[in-house]
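The structure appears right after this line, and notes come after that.
Note on naming: letters A, B, ... go to the chains in the order of the sequence lines (proteins, then strands), and numbering restarts at 1 for each one.
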Amino acid sequence: MGVAAAIEYDAELMLRVKEGDGASFGILLEKYRGPVIHFLYRMVQDSGVSEELAQEVFLRVYRSRSSYEPTAKFTTWLFRIATHLALNWLRDAKHEKSQDRLDDDPEGGGTRDVADRRPSVEQSLLDAVKLEEVRRAVAGLPEKQRAAVLMHKYEEMEYVQIAKVLACSESAVKSLLFRAYETLRVRLAHLG
Amino acid sequence: MRCPIETRENAELLLDYCARKLDPEKAGVLERHIATCPACREFRDAQKLLWDSLDQWDAQPVSPDFDRRLQRRIEQEEQRQGWWRRLLSPLLTRPAVPLTATACLVLAAGFILQNPGGNVQPVADSAVVREVEQVERTLDDIEMLRQFDLVARAEESKRPI
């Protein structure tokens, strides 16, 4: 009931944005700024790029306000835009060999990322190494599997919603997740 | 109850259990099964370990100027649209005009696309790049005109008869 009310509220806010209410856009931005940036950061693993992509996501939401129709959950629409932009960026970055930075020596291009995501300087070296392993393992997943895991694990989205975002069936999402978690369990088994 | 890892469909139960998304009743049934099934126990332990590892990946702090940057971009876009609106406002009062203008632009774009070389000699790459940019701009203009047409029609329909 609470979830349904929240869904209606988001759609209601977006309909108000459609009517020209900027304050409602501000409420949606406040609510979803963090989740969208965090999702994009875990997808592209670059803080600067994730914020740029998030700006584009909200800009597109704002641009599309006049044609918005609440046919799906607002978050489904929002994450569909975010996923689309992230997958496009990853595809382009592949051509530019940006992905190589993930496999490079930490002294190389990836240094800034490693420093950026540390919550504090007091964090132990062991935790930093573990975190790096987790980051690499997730980055090593095929893009759709990665998106599915991030939406399932961190955004706590339902299978049906992830399916709508990724434009596939619910059973395909379950299959994606099963394979992704299987891969991650193997890659990160030594952390236990 | 079938062993959850025998089929992927049922493995979803274990994934949900480890994600603490399973309702208490189903969780109870699954726990009783896990107690007697070494394969499921292994699966659960590995998945819980993975879940804990993923939990270590904290969210990034958001830049304090994120909203300001977004606001600036929105304002820039609105200013650009406002400029176009002022330029085209005399035309928008007559709905047939933007439609005609759109049709002309479509024809012009089609002509350019069908004659990529045109009168330009293939001497410099920069000329080709400029041409492509021009087509892109034309297509952008068509899209903008289309949107203005929609706005004009909406405004027209709102007017009292």
Mind checking ring pair (Phe, Tyr, Trp, His ring centres under 6.0 Å) for A:Phe58 and listing every partner two or more places apart, or none if nothing turns up?
none

Going by the rule ring pair (Phe, Tyr, Trp, His ring centres under 6.0 Å), which residues pair with A:Tyr159 if we only count those two or more places apart in sequence or in a different chain?
A:His152

Chain A contact via [X] - side chain, backbone, both or neither, heavy atoms under 4.5 Å:
X       : result
B:Glu77 : side chain
B:Ile74 : both
B:Asp55 : both

Pick from [options] with the largest number of heavy-atom pairs that fall under 4.5 Å of chain B:
options                               : value
A:Leu59, A:Leu177, A:Val149, A:Leu191 : A:Leu59
A:Arg33, A:Lys130, A:Glu156           : A:Arg33
A:Glu133, A:Lys153, A:Arg187, A:His38 : A:Lys153

Check the pair B:Gln60 / A:Ser50 against side-chain hydrogen bond (donor to acceptor under 3.5 Å, both in side chains), numbers first and verdict last.
CA-CA 10 Å; B:Gln60 277 283 105; A:Ser50 63; over 6 Å; no

Does A:Arg65 make a cation-pi contact with A:Tyr68, if we ask for NZ or CZ under 6.0 Å from the ring centre and within 45° of the axis?
no

Side chain A:Thr183, main chain A:Arg179, donor-acceptor under 3.5 Å:
yes

With a 3.5 Å distance limit and no angle check, can you tell me whether A:Arg80 reaches the backbone of A:Leu166 through a side-chain donor-acceptor pair?
no

Chain B heavy atoms under 4.5 Å from [X]: which part of the residue, side chain, backbone, both or neither?
X        : result
A:Tyr181 : both
A:Leu184 : both
A:Ala54  : both
A:Arg42  : both
A:Phe39  : neither
A:Glu52  : both
A:Ile37  : side chain
A:Glu56  : both
A:Val138 : side chain

Establish, yes or no, whether a centroid distance under 6.0 Å links the rings of A:Phe74 and A:Tyr9.
no

Would you tell me whether [X] and [Y] have side-chain atoms, one donor and one acceptor, within less than 3.5 Å of each other?
X       : Y       : answer
A:Asp46 : A:Tyr41 : no
A:Glu51 : A:Gln55 : no
B:Tyr17 : B:Gln47 : no

Choice from B:Leu15, B:Leu49, B:Asp16, B:Asp67 maximising heavy atom contacts with chain A below 4.5 Å:
B:Asp67

